[in-house]
4 protein chains.
Amino acid sequence: MGSIHRDKHEAILDAGYTLFGTHGFYETKMSDIAELADIAKGTLYLYFNSKEDLFLAVTRRDCDEFLDRLQAELHSLETVQEQLECVSAHHLEYYYRCKQHTKLFFMAPNNHAELNEYLKQFMEMYTRMVADVLETVSSEDTMLFAQTYIGMLDRLKMDILYDTNFNEDDLRKRIRFASSLFIHGFMSAKPANEV
Amino acid sequence: MGSIHRDKHEAILDAGYTLFGTHGFYETKMSDIAELADIAKGTLYLYFNSKEDLFLAVTRRDCDEFLDRLQAELHSLETVQEQLECVSAHHLEYYYRCKQHTKLFFMAPNNHAELNEYLKQFMEMYTRMVADVLETVSSEDTMLFAQTYIGMLDRLKMDILYDTNFNEDDLRKRIRFASSLFIHGFMSAKPANEV
Amino acid sequence: MGSIHRDKHEAILDAGYTLFGTHGFYETKMSDIAELADIAKGTLYLYFNSKEDLFLAVTRRDCDEFLDRLQAELHSLETVQEQLECVSAHHLEYYYRCKQHTKLFFMAPNNHAELNEYLKQFMEMYTRMVADVLETVSSEDTMLFAQTYIGMLDRLKMDILYDTNFNEDDLRKRIRFASSLFIHGFMSAKPANEV
Amino acid sequence: MGSIHRDKHEAILDAGYTLFGTHGFYETKMSDIAELADIAKGTLYLYFNSKEDLFLAVTRRDCDEFLDRLQAELHSLETVQEQLECVSAHHLEYYYRCKQHTKLFFMAPNNHAELNEYLKQFMEMYTRMVADVLETVSSEDTMLFAQTYIGMLDRLKMDILYDTNFNEDDLRKRIRFASSLFIHGFMSAKPANEV
DNA sequence: AATGAATGAGAGTTCATTCAT
DNA sequence: TATGAATGAACTCTCATTCAT
């Protein structure tokens with residue numbers, strides 16, 4: 001029974017992830033989610049109290065996994081360079097893997113306190129994870145550096161999302177480009193494809 | 001006659017800017033915009049064909065001005081350092097000035113072809129403007145570098161938006177921090193408050 | 001379950017028949033139909049996709065029944081005279097029974113392809129039914145004769161609709177009058193009340 | 001001044017005739033009529049009090065002319081046969097001339113007392129005109145005969161309106177067909193194309 | 001007499017949510 | 001636990017009419 005419950009719970013989250021991700025919060029109907037999850041509309045409300053709650057749960061599952069995996073990958077690495085490139089790879093590969101689900105962050109519902117709170121926490125944890133990497137080198141302003149690094153990565157995802165010809169080579173180039181630029185700066189940077 | 005028409009047009013754009021900016025596209029009602037602009041609901045439709053069109057016009061006015069001002073400011077500067085810091089200042093000060101209107105970008109309507117097209121163009125023009133600055137130093141991958149720089153800045157705006165204690169000093173610090181980090185990289189960076 | 005569904009479906013059609021019939025398509029509000037059918041406004045849209053579709057369904061039910069009954073009645077008769085009088089009676093009695101619902105044909109929505117198509121088919125089937133009766137006597141231009149006969153009948157309904165003193169005797173008189181005139185023509189016609 | 005006034009008055013009626021006739025009352029916008037008449041929207045209301053009034057005026061002009069012309073044509077004829085064929089020709093040629101304006105009668109506004117009153121009067125005058133023709137032969141039930149004749153004609157117009165291949169020959173055939181059928185009846189009728 | 005910008009009541013339709021089964 | 005028919009508040013947009021110019 002409990003496992004049937006878990007299965008349905010997951011099925012709803014999967015459907016929500018797909019639809020919220022591709023059409024955004026407002027353009028996704030609860031009935032569509034129910035249909036894709038192959039359950040009745042009313043059943044959704046046995047598992048989630050509202051559309052907002054479901055969206056939060058979808059976001060949470062996705063973001064938590066993002067952080068867990070990053071944490072695990074970082075543990076096995078030693079140098080700051082390696083670790084920063086790991087962050088870069090993790091961030092960009094995430095978007096490369098799920099190009100089509102990016103409305104999840106763009107089109108979130110407004111004014112949902114709990115969601116805003118969660119997203120804030122997520123960003124803080126993500127930033128702290130990167131800051132911890134930097135801490136081994138310098139202890140000043142690591143949160144600010146970390147934040148900025150994440151910003152760089154987040155912009156580079158744009159090509160992934162909008163450039164339809166974007167391929168694996170472009171991906172690898174950007175992964176190295178970002179960590180290198182962050183570490184050495186623009187002035188000392190070699191052109192991206194030589195890095 | 002024409003000036004009354006222009007006034008009302010502007011009043012609607014102002015009201016739209018305020019409400020779309022604070023509540024996002026979907027959570028803003030046309031009737032609220034009409035009320036804030038102090039006109040009748042029907043009058044909105046004499047000036048704009050639809051809610052989407054109004055949103056596009058609001059966005060356009062805001063973004064065009066952003067680029068025009070940046071262009072003008074860049075012209076009067078000479079070194080790359082100065083110019084990059086100018087970009088940094090322009091970007092962050094924009095958000096500092098209008099903290100409360102940031103939903104304009106977050107919560108845009110989905111699937112509005114013309115809007116998507118415009119935003120793409122905006123980003124390309126913004127990126128190219130920054131790339132042109134970098135071109136005086138290196139001609140390799142300038143679009144990629146420019147994009148990344150903008151990404152850094154865009155993430156730094158987050159503190160502005162969510163940290164309620166954020167003050168003018170924090171602003172100035174981040175402006176210098178961003179350009180310095182971009183130019184010299186993390187490894188050679190001095191702590192931010194010494195830059 | 002299905003029968004509750006059928007009941008509600010019928011209730012909506014009944015309400016639509018009454019209101020469209022008395023006020024016409026444009027002067028009837030979906031909310032009025034919902035109210036008369038004793039359901040919520042939104043429920044209408046579970047059964048019909050749009051106001052136009054509902055109107056079409058109402059029309060269809062009414063016209064189909066009209067033809068089915070006529071068909072059945074004609075089968076039991078033998079002479080052309082009897083059959084033509086049966087058509088006459090059927091046509092005029094229909095209007096006599098539902099004087100108040102005649103806006104159904106007058107005030108249909110414009111430009112609804114499916115509705116126009118249906119009405120065209122209805123007229124063709126009605127005409128063919130009458131033409132088949134005539135065919136036993138002559139095979140020339142039966143469709144044209146049939147059409148004309150229906151035209152005569154359709155004009156005679158006007159008194160029914162607008163003459164408030166119109167009674168059953170007037171009805172019977174016109175039923176015989178029409179078939180007799182059609183068969184023998186004006187020149188050889190005896191005065192209507194002697195037929 | 002007066003003639004300018006008359007010109008504009010006529011221009012509005014012409015535009016109304018065209019648009020009401022092609023799209024019906026409800027699907028025609030006052031603004032479209034103004035545009036077609038080449039005047040401002042507000043000006044319409046200097047000449048007509050409301051959309052309904054304008055529709056009534058358009059109808060009135062059209063119907064009055066219809067009767068006036070018929071009256072004139074009938075005067076020059078002598079035998080009942082000729083006169084009835086004249087009615088037939090007048091009725092069908094009217095529709096043949098203005099196929100595209102037939103929404104004028106189909107899609108009239110509901111519940112406009114004055115319009116309903118006028119249409120009733122129109123029908124009565126039309127019927128009486130035909131009844132007067134019949135009176136020279138028989139004095140019984142002439143109104144009923146007249147009404148029925150008009151009904152025949154009105155149905156025959158349908159082919160004109162919906163059969164896109166309908167040509168002048170078809171028209172002439174129906175004109176003779178109708179009067180002949182009315183006079184001699186179906187039983188003694190010769191096939192239409194031999195009449 | 002002529003204008004056309006402004007009005008605002010009111011329409012059809014949607015969809016998150018409920019609840020009897 | 002699961003259903004899905006039913007709900008009704010809330011939305012965007014229309015258009016006949018007005019009135020200051």
Side-chain angles (χ1 to χ4, degrees), chain A residues 1-2 4-5 8 25-35 38-55 109, chain B residues 1-2 4-5 7-9 26-35 37-54, chain C residues 1-2 4-5 7-9 26-35 37-54, chain D residues 1-2 4-5 8-9 25-35 38-54 109:
Chain A
M1 218 51 161
I4 284 178
H5 189 279
K8 224 158 247 184
F25 178 77
Y26 292 98
E27 303 281 0
T28 296
K29 290 183 265 178
M30 288 298 263
S31 57
D32 290 343
I33 295 176
E35 195 179 0
D38 210 30
I39 59 170
K41 233 186 316 175
T43 309
L44 287 179
Y45 289 86
L46 297 177
Y47 293 83
F48 302 95
N49 288 319
S50 69
K51 193 182 179 186
E52 279 82 3
D53 279 2
L54 172 54
F55 186 88
Chain B
M1 218 53 155
I4 284 177
H5 192 276
D7 288 353
K8 218 153 257 184
H9 190 91
Y26 292 97
E27 303 282 356
T28 297
K29 291 180 273 180
M30 287 300 263
S31 57
D32 290 342
I33 295 176
E35 197 178 359
D38 209 31
I39 58 171
K41 225 183 335 168
T43 308
L44 287 179
Y45 290 87
L46 297 179
Y47 292 83
F48 301 95
N49 289 321
S50 68
K51 192 182 178 185
E52 276 84 2
D53 278 2
L54 174 53
Chain C
M1 218 57 154
I4 284 178
H5 191 276
D7 288 353
K8 218 154 255 181
H9 190 92
Y26 292 97
E27 303 281 358
T28 297
K29 291 181 271 178
M30 287 299 264
S31 57
D32 290 342
I33 295 177
E35 198 177 357
D38 208 33
I39 58 170
K41 224 181 337 164
T43 307
L44 288 179
Y45 290 87
L46 296 180
Y47 293 82
F48 302 95
N49 289 320
S50 68
K51 194 183 178 185
E52 276 84 2
D53 278 3
L54 173 54
Chain D
M1 219 52 160
I4 283 178
H5 189 278
K8 223 159 250 186
H9 191 91
F25 178 78
Y26 292 97
E27 304 281 0
T28 297
K29 290 183 266 179
M30 288 298 264
S31 58
D32 289 342
I33 295 176
E35 195 180 0
D38 211 31
I39 60 170
K41 232 184 319 174
T43 309
L44 287 180
Y45 289 86
L46 298 178
Y47 292 83
F48 302 94
N49 289 319
S50 68
K51 191 183 179 184
E52 278 83 3
D53 279 1
L54 172 53

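By convention in this document, chain letters (A, B, ...) are assigned in the order of the sequence lines, proteins followed by strands, and residues within each chain are numbered from 1. All figures in this text were calculated on a predicted structure; none of them were measured in a lab. Just so you know, these numbers use all the heavy atoms, side chains as well, and skip hydrogens, waters and symmetry mates.
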> Hey, does the side chain of Tyr47(C) come within less than 4.0 Å of dA5(F)'s phosphate (OP1/OP2), counting only N and O?
Replying inline: no

> Would you say Lys41(B)'s side chain and Ile33(B)'s backbone share a donor-acceptor pair under 3.5 angstrom?
Replying inline: no

> Looking only at heavy atoms, what is the nearest atom pair of Met30(B) and Leu44(B), with distance?
Replying inline: O-CD1, 3.3 Å

> Using Watson-Crick pairs (N1 to N3, plus N6-O4 or O6-N4) and G-U wobble pairs, both distances under 3.5 Å, which stems of at least 3 pairs involve DNA chain E?
Replying inline: E:2-21 with F:2-21

>> Can you work out whether Thr28(B) or Thr43(B) has the more 5'-proximal nearest nucleotide on DNA chain F?
In response: Thr28(B)

Atom pairs, N/O to N/O, protein against nucleotides 17-21 of chain F, distance under 3.5 Å?
| residue | atom | partner | partner atom | Å |
| --- | --- | --- | --- | --- |
| dT17(F) | OP2 | Tyr45(D) | OH | 2.9 |
| dT17(F) | OP2 | Lys51(D) | N | 3.0 |

> What integer distance in Å separates Tyr26(C):OH from dG12(E):C1'?
Replying inline: 14 Å

> To the nearest Å, how far apart are Lys29(A) NZ and dT14(E) P?
Replying inline: 8 Å

> Residues in ring pair (Phe, Tyr, Trp, His ring centres under 6.0 Å) with Phe48(C), at least two apart?
Replying inline: His9(C)

> Between dT3(E) atom P and Glu35(D) atom CD, what is the distance in whole Å?
Replying inline: 13 Å

> Heavy atoms under 4.0 Å, any strand shown: does Leu44(C) hit a base, just sugar-phosphate, or nothing?
Replying inline: nothing

> Rounded to whole angstroms, how far apart are CG on Leu46(C) and P on dG8(F)?
Replying inline: 13 Å

>> Using every non-hydrogen atom in the two residues, find where Glu27(D) and Tyr26(C) come nearest and quote the distance to one decimal.
In response: OE2-OH, 2.6 Å

>> Output the rounded distance in Å from CD (Glu27(C)) to C1' (dG10(E)).
In response: 13 Å

> Taking atom C1' of dT12(F) as reference, at what distance in whole Å does atom CD1 of Ile33(B) sit?
Replying inline: 12 Å

>> I'd like to check Tyr47(B) versus Thr43(B) (side-chain heavy atoms, cut-off strictly below 4.5 Å). Are they in contact?
In response: yes

> Nearest-Å distance, CG (Asp32(D)) to P (dC15(F))?
Replying inline: 9 Å

> Do side-chain atoms of Lys8(C) reach the backbone of Ile39(C) as a donor and acceptor pair under 3.5 angstrom?
Replying inline: no

>> Suppose we screen for side chain to side chain contact (heavy atoms under 4.5 Å, CB included). Which residues come up paired with Asp32(C), at least two apart in sequence or across chains?
In response: Leu19(C), Lys29(C), Glu35(C)

> How many Å lie between CZ on Phe48(B) and P on dC13(F), as a whole number?
Replying inline: 13 Å

